[in-house]
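Data first, discussion second: the structure below is written as structure tokens.
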Amino acid sequence: MNLKETLHNTEKFLAERMPVEKMNYASMVQKKEVPVHGLAWGYYMGGLAMFFFMVQIATGLMLLFYYQPTVSDAHASVEFITDQIPAGALVRNVHAWASSLMIGSVLIHLLTAFAMKAFEKPRELTWVTGVLLLGITFGFGFTGYLLPWHQIAVNATKIGLQTIEEIGGYLPGQMAEWPRLAKEIIQGEASVGQATLSRFFSLHVIILPLAIFGVLGFHLVSVQLHGMSKGIDAKPRRLEKFFPTFLLKDLRVWGIAFMVLFILGACLPFESLFAYPLFEPFDPKGSTPDGIKPEWYFFWVYYPLELLPLWVILVGSTLLAGVLLATPWIFKNTNRQSLRLIAIAAGIYLIIMTLFGENIYHLFKG
Amino acid sequence: MRTNPFITGFTALAALAFGGTAHAYPEFQKYVSQKSGRTVNCAMCHMHSDGPEGAAPGQIGHLTMGEQAELGRARAAFEPHANVKSPILNAFGNHIINSLGKKQFLEMRVTPSELANKLPKDSDLDVDGITDVDEYLTGTHPLIKSDGRPWLLFKVNLAANLGQIVLMLAATVLGLWGLHHLLHGFDVATRLQDNDEESG
């Protein structure tokens with residue numbers, strides 16, 4: 001294949017995935033229809049994830065007014081927000097709950113989109129950008145965890161960064177140095193300190209938001225251009241109009257999500273789910289308290305990491321990332337029933353490791 | 001090997017009573033940990049999470065002359081209601097000493113569960129709706145409002161915020177109702193316009 005042919009094929013591929021001729025009100029809103037069937041609830045998960053993301057932006061901007069990204073003041077500023085600022089505790093708690101709910105929604109969205117074969121041609125790039133959004137969302141979680149600068153935040157980040165460095169032991173030649181260099185770039189100094197906090201803060205409030213705006217923009221335009229995927233092999237019960245029928249239902253789901261979030265934010269401090277010594281300010285000279293672990297959405301990889309050799313997790317994670325990104329091509333000819341079974345198995349694994357990962361760890365390690 | 005900061009803390013609390021002689025009382029730590037299943041440390045009663053020994057803020061080596069005098073008065077508080085304010089104890093630690101006196105507190109080391117029986121039942125220092133006695137028994141911090149058994153905190157906060165929740169629910173329902181009509185209005189207007197264009 002010569003260069004001209006390659007360019008022509010690329011142009012054709014992109015033109016099919018981004019049909020700009022459909023970029024008008026009639027195609028994207030007026031004529032858009034949504035299939036109604038047993039799995040149709042999955043269509044609401046993407047919007048729900050976006051709702052929680054918008055809550056994160058609103059509450060995050062409010063927290064930015066008072067949060068101090070310095071090792072001396074970070075924890076005190078978080079306490080100040082919680083104890084002194086009117087509604088500060090509510091805003092901070094809603095931010096914490098919405099982050100977990102956003103990641104939960106994104107994971108369910110991924111599984112339902114997979115089960116509905118929503119990555120089918122011409123939606124391959126919609127799927128790939130969705131996987132990238134999942135990675136960025138995890139990045140938000142990892143970087144945001146450090147910002148309050150308490151015991152669990154700093155010690156868990158140390159463990160996470162240490163794991164990156166250990167990858168070098170499994171790489172050949174010059175590549176063995178790359179993870180250490182990556183860790184140094186992220187950490188910024190010999191140990192987790194001011195440079196790390198500054199970098200995590202920049203990532204959390206500037207770099208990742210810019211990245212997510214770009215990728216999410218493409219993802220949303222792509223969804224609107226191609227419409228909702230068919231979702232099932234059989235004929236849907238009926239088709240309903242996107243505007244206003246589906247949009248109104250979507251808004252009702254957002255209303256319910258908002259109320260759940262408000263009640264959680266007002267009534268159940270996120271911190272109450274952890275033992276209190278973990279929330280004391282980080283003391284570099286103090287002993288490491290028991291119970292250090294990442295946020296719940298990393299349990300699916302954290303507990304296997306504690307139980308199995310690192311190389312097993314590395315191979316598994318690399319394969320998983322590759323399979324996720326290449327899903328539209330790997331599962332091109334797989335029927336929806338099989339995809340549904342895979343999605344259910346993945347969901348069961350995530351639930352078991354999240355709820356019982358610690359018990360499984362103690363079962364094997366004593 | 002790591003030292004247990006909770007034991008260090010109770011050692012220092014005992015040192016208060018015996019004028020500097022350190023005695024370890026792991027019974028309280030064992031009792032709270034076993035009963036609650038949670039990790040606790042010296043910050044439950046002390047200013048510093050590693051206890052009073054050391055030179056960090058809240059520890060003996062960091063005290064000013066005035067604070068040392070305060071500490072001396074606290075050390076002599078063998079009887080209850082002495083109204084002392086030890087600079088190395090937090091509000092809960094001082095609450096224990098002021099409520100029971102050091103003599104009674106030290107006697108409890110053989111029956112640490114008695115501490116919950118002897119402390120005032122209605123005291124709630126962090127005003128989170130869970131009494132200090134319950135927080136001691138459940139291994140949560142009596143001075144941190146956001147720390148408590150999640151279900152208990154949820155029930156208490158739900159009752160306290162019910163008014164705001166009802167108002168927010170009303171605002172959400174009304175907002176959705178308004179949006180519903182607004183979007184239907186747009187839909188009808190668009191269809192009418194389309195019909196006009198088709199007929200015209």
Side-chain angles (χ1 to χ4, degrees), chain A residues 25-26 29-31 78-79 82-83 87 89-90 92-93 96 150-152 241-292, chain B residues 1-6 8 33 36-44 48-50 54 56 128 135 139-162 164-165 168-169 171-173 175-177 179-180 182-188 190-191 194:
Chain A
Y25 177 75
V29 180
Q30 215 172 3
K31 290 178 185 165
V78 170
E79 280 192 334
T82 310
D83 299 332
L90 175 71
R92 189 174 160 240
N93 207 26
H150 46 52
Q151 290 280 15
I152 193 168
K241 290 189 76 178
F242 173 79
F243 182 83
T245 315
F246 180 82
L247 186 62
L248 282 169
K249 284 184 185 174
D250 217 8
L251 286 173
R252 268 178 230 143
V253 173
W254 286 23
I256 294 166
F258 174 74
M259 278 316 298
V260 169
L261 192 57
F262 183 77
I263 291 169
L264 283 173
C267 302
L268 187 58
F270 196 75
E271 292 177 357
S272 67
L273 304 174
F274 296 86
Y276 80 81
L278 300 175
F279 286 95
E280 286 168 357
F282 173 66
D283 177 6
K285 292 176 187 163
S287 51
T288 307
D290 293 332
I292 297 295
Chain B
M1 201 174 86
R2 291 206 316 247
T3 55
N4 189 320
F6 193 90
T8 318
S33 290
S36 66
R38 288 168 70 105
T39 309
V40 288
N41 67 3
C42 298
M44 184 176 252
H48 197 278
S49 58
D50 285 338
D128 63 358
E135 299 237 39
T140 57
H141 202 295
L143 300 176
I144 302 177
K145 206 176 164 138
S146 60
D147 193 48
R149 283 288 180 196
W151 179 238
L152 274 178
L153 273 181
F154 183 79
K155 281 197 293 186
V156 167
N157 288 329
L158 186 66
N161 297 317
L162 202 57
Q164 283 92 328
I165 290 168
M168 190 57 83
L169 182 65
T172 308
V173 170
L176 285 173
W177 183 78
L179 268 174
H180 179 89
L182 187 70
L183 291 177
H184 264 301
F186 282 145
D187 184 44
V188 171
T190 317
R191 267 190 275 171
D194 287 348

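Computed from a predicted model, the values in this text were never measured in an experiment. Convention: sequence-line order gives letters A, B, ...; per-chain numbering from 1.
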Quiz prompt | Expected output: side-chain B:N157 to main-chain B:L153 donor-acceptor under 3.5 Å | solution =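 Side chain of B:N157 to backbone of B:L153: a pair is present.
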Exercise. Say whether, by atom type as modelled, one donor and one acceptor occur between the side chain of B:D187 and the main chain of A:P244 under 3.5 angstrom.
Key: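 Side chain of B:D187 to backbone of A:P244, a donor-acceptor pair under 3.5 Å: no, none is there.
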Identify which part of [X] has an atom lying under 4.5 Å from any heavy atom of chain B, answering side chain, backbone, both or neither.
X: A:Q30; result: side chain
X: A:Y25; result: side chain
X: A:D283; result: side chain

Quiz item: Hey, which of B:V156, B:L169, B:T140, B:L179 has the most heavy atom pairs under 4.5 Å with chain A?
Solution: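 Most heavy-atom pairs under 4.5 Å with chain A: B:L169.
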Exercise. Tell me, please, which residues at least two apart from A:K249 pass salt bridge (charged side-chain N to carboxylate O under 4.0 Å, His left out).
Key: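 Residues passing salt bridge (charged side-chain N to carboxylate O under 4.0 Å, His left out) with A:K249: A:E240.
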Quiz prompt | Most contacts with chain B, counted as non-hydrogen pairs under 4.5 angstrom, among A:V29, A:L248, A:L268 | solution =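 If we count pairs closer than 4.5 Å to chain B, A:L248 comes out on top.
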Practice problem: Begin from the C-alpha positions of B:M44 and B:L143 and carry the test side-chain contact (heavy atoms from CB on, under 4.5 Å) through to its verdict. | Solution: CA-CA 8 Å; B:M44 184 176 252; B:L143 300 176; over 6 Å; no
Quiz prompt | Per-residue contacts, residues 250-257 of chain A versus chain B, heavy atoms under 4.5 Å | solution =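 Answer by number: A:L251, A:R252, A:G255.
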Practice problem: Check side chain to side chain donor-acceptor pair (under 3.5 Å) between B:N161 and all other residues, then give those that pass, not counting sequence neighbours. | Solution: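 Partners of B:N161 under the side chain to side chain donor-acceptor pair (under 3.5 Å) test: none.
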Practice problem: Please name all residues satisfying ring-ring contact (aromatic ring centres under 6.0 Å, His included) with A:F243, sequence neighbours left out, ordered by chain then number. | Solution: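 Not a single residue meets the ring-ring contact (aromatic ring centres under 6.0 Å, His included) criterion with A:F243.
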Quiz item: Relative to each other, are the rings of B:H184 and B:H180 parallel, tilted or perpendicular (30° and 60° limits)?
Solution: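 Judged by the thresholds at 30° and 60°, the geometry between B:H184 and B:H180 is perpendicular.
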Quiz item: Does the side-chain contact (heavy atoms from CB on, under 4.5 Å) test come out yes or no for B:F154 and A:I263, once each step is laid out?
Solution: CA-CA 9 Å; B:F154 183 79; A:I263 291 169; 3.9 Å; yes
